[in-house]
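What follows is a single structure, written as structure tokens, with notes after it.
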Amino acid sequence: MTGAEILLESLIAQGAETVFGYPGGQIMPVYDKLYDYGDRIRHILVRHEQGAVHAAQGYARIKGAPGVVMVTSGPGATNALTGIADALIDSTPLVVIAGQVPNGALGTDAFQETDYIGLTAPITKWNYQIRSAEDVAHAVARAFYIAGSGRPGPVVLDMTKDAQVGIAEYVPAKCDFIRSYQPCPVPDDSILDRAARMIDAAERPLVVFGHGVMLSGAEKELAAFLSKGDIPAGSTLLGLSCLDSDNPHFIGMVGMHGNLAPNVMTQQCDLLIAVGMRFDDRVTGTLSSYACQAKKIHIDIDPAELDKLVRVDLPVLGDARYVLSELTARIREVKRPEWMMRPIMEASVEKHKVIDPELHPAGGMLKQGEVVAAVAEACGGNAVIVTDVGQHQMSAARYSRFHNSRSMITSGGLGTMGFGLPAAIGAKIAAPERTVCLFVGDGGIQMTIQELGTIMQEGTGVKIVLLDNNWLGNVRQWQELFFGSRYSFTRMMNPDYSAIAAAYGIAYKRVEKRGELASAVRQMFETDGAFLLDVHVEEAFNVFPMIPPGKSVDQIMLNETDWI
């Protein structure tokens, strides 16, 4: 077979059913062979290579398996860099296949040549340049193993033209071991016993869990651990949906725009148990004041994260599912009624100062929170919620409801505007039976608005809720609060979205009045196929609660004038 054929056979052998891509000169031999594989591999033609990577991220987050991207060399490959960087920091498994110039042209500044190995080395879990057809099968097997095992992440295969057109015997390859690579370390029993003793001795333990719980499939193990220990738990942004929103031990989201209870209780607990999270600065606030009163246990599969930002009393290197199962078997079953009352008291303050004014305003324009709440009620907590980045992202995180895991897809660590629309497409392709609802701002949607063409061509039934306020809202909020209301280049003149929706054959509804919202949301979900719900919301809107930069996690603004 040619190397191109071996590549496609190897993708199939790895279970890849869908590829997101965009053809070009140096990947054309692969695309020529892909023409014959239409019944075995579904190819999604995006409108921009960045969209291909974000779509593959949405697909991977739903499937729990690597998303596959195919691009050409030069600008095609460099257009994928933002998505690859996003996938690395958010631990999303990807296999990105990039065409490259022929072997003899490497290093000559040939047309559309870039040093893709050099460019992607800092933002991939592994990268490799394939120069011969004989190496293709092994490289693909290795790529999938690395991308999907341990702490997942993106892998890049840079495939020269020689490797694509060369001839070799296809021998299916399997990779389940790499020397010196330990994707799933197992902690010693002595470490687990010590952790159990610390938990049993604590009077006010608190769990903060992140994306690692979802990646390890530890949702049931987390719920069982919290129940036996009667321990309250807060989620990072990417950890949302790991626990049912109605779980009695779930107390909300931590961090800059998180809920009061988990943030305040972080500074009151005597034991902080961090599970599958990396102590991001948006979670911890000022590190020097973060949970100083508490002993700390950190459970993570990546040794690089242990003691990286927060020094802990007991680092536990291991898979969250295994560790939580073992700890649940070891800890005593107890009740902590007084400690579990704290979230209720904090929630009453938040409801009075923040939630009621947001969800039940006295008048004026629609608020973002009430739009999200209306969608959440219509979905019954069963939809996949995808967001772009900005104020709407925080509103979606705060007011959405989740009854199923893998139901919150967003860009966390990199905060990539433009992520939402293509990620929602990938999520819907991965789970066509589920309702996929995208919350996006007028800034973010215009960064990848061309992917409406992908929706048109593929018939992808994404429900798009555009929270339209004519501002780059998150930056405007910071300008108001911390830069003396000097609104430097954040006001937006927006296009006629109804005309854009019509051009792409997408159903559209504009909402400006509160009385129109419920029926419009109902219409969106009753309409077959894609729908763009353009909701005009309050322009001078600020997301609260908020922990200002440089403050500790219990120094919280409830609104423009009130602090905790």
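We use all heavy atoms of the structure for the numbers below, so side chains are in, but hydrogens, waters and symmetry mates are not. Being a predicted model, the structure only gives us computed values, none of them experimental.
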Could you go through the side chain to side chain contact (heavy atoms under 4.5 Å, CB included) check for Ser216 and Ile301 one step at a time? CA-CA 9 Å; Ser216 69; Ile301 201 167; over 6 Å; no
Donor-acceptor contact present, side-chain Asn469 to main-chain Val537, <3.5 Å: no
Are side-chain heavy atoms of Asn494 and Gln446 found at a separation under 4.5 Å? yes
Do the ring planes of Tyr487 and Trp471 sit parallel (below 30°), tilted (30 to 60°) or perpendicular (above 60°)? perpendicular
Mind checking whether Leu481 and Pro548 have side chains closer than 4.5 Å, heavy atoms only? no
Using the side-chain hydrogen bond (donor to acceptor under 3.5 Å, both in side chains) rule, take Thr410 and Thr387 through it: C-alpha gap first, then chi angles, then the decisive distance, then the call. CA-CA 5 Å; Thr410 192; Thr387 84; 2.5 Å; yes
Any chance you could measure Met394, atom CE, to Asn474, atom CG, to the nearest 0.5 Å? 7.5 Å
Side chain to side chain contact (heavy atoms under 4.5 Å, CB included) against Arg510, all qualifying residues, sequence neighbours excluded: Tyr508, Glu512, Asp534, His536
Quick one: does Asp388's side chain have a donor or acceptor within less than 3.5 Å of a partner on Gln393's backbone? no
Between the CD atom in Gln50 and the OG1 atom in Thr448, the distance rounded to the nearest 0.5 Å is 7.0 Å
Taking atom CZ of Arg401 and atom CG of Leu240, what is their separation to the nearest 0.5 Å? 11.5 Å
Short N-O contact, Asp302 and Arg278, less than 4.0 angstrom: no
Applying ring pair (Phe, Tyr, Trp, His ring centres under 6.0 Å) to His211 and not counting sequence neighbours gives none
A quick test of your reading: do over 12 heavy atoms of other residues, nucleotides or ligands sit less than 6.0 Å from NZ of Lys308? yes
Is it true that Lys428 and Glu458 make a salt bridge, defined as a side-chain N closer than 4.0 Å to a carboxylate O? no
In plain terms, say whether Arg406 and Glu219 are close enough for a salt bridge, that is, a side-chain N and a carboxylate O under 4.0 Å apart. no
Output a table of donor-acceptor pairs, distance under 3.5 Å, between side-chain atoms of residues 411-423 and any protein atom two or more places apart or on a different chain; print 'none' if there are none.
residue: Ser411; atom: OG; partner: Asp86; partner atom: OD2; Å: 2.5
residue: Ser411; atom: OG; partner: Gly415; partner atom: N; Å: 3.2
residue: Ser411; atom: OG; partner: Thr416; partner atom: N; Å: 2.9
residue: Thr416; atom: OG1; partner: Asp86; partner atom: OD2; Å: 2.7

Thr454 side, atom OG1; Ile429 side, atom CD1 - distance, nearest 0.5 Å: 8.0 Å
Whether Arg151 and Glu305 form a salt bridge (side-chain N of Lys/Arg under 4.0 Å from carboxylate O of Asp/Glu) is what I want to check. yes
Return the set of residues passing side chain to side chain contact (heavy atoms under 4.5 Å, CB included) with Tyr22 (not counting sequence neighbours), or none when no residue passes. Leu45, Val46, Glu49
Check for a donor-acceptor pair, side chain of Glu538 on one end and backbone N or O of Gly364 on the other, with a separation under 3.5 Å. no
Is there a side-chain contact between His54 and Glu451, using heavy atoms and a 4.5 Å cut-off? no
Contacts of type side chain to side chain contact (heavy atoms under 4.5 Å, CB included), residue Ala430, not counting sequence neighbours: Tyr59, Ile62, Lys63
Under 3.5 Å, is there a donor-acceptor pair linking the side chains of Arg47 and Gln457? yes
Among His257, Glu350, Glu358, find the residue that satisfies the side chain to side chain donor-acceptor pair (under 3.5 Å) test when tested with Arg398. Glu350
Does Glu221 use its side chain to pair, donor to acceptor, with the backbone of Ala320 at less than 3.5 Å? no
Using the test ring pair (Phe, Tyr, Trp, His ring centres under 6.0 Å), find all partners of Phe482 that sit at least two apart in sequence or belong to another chain. Trp478
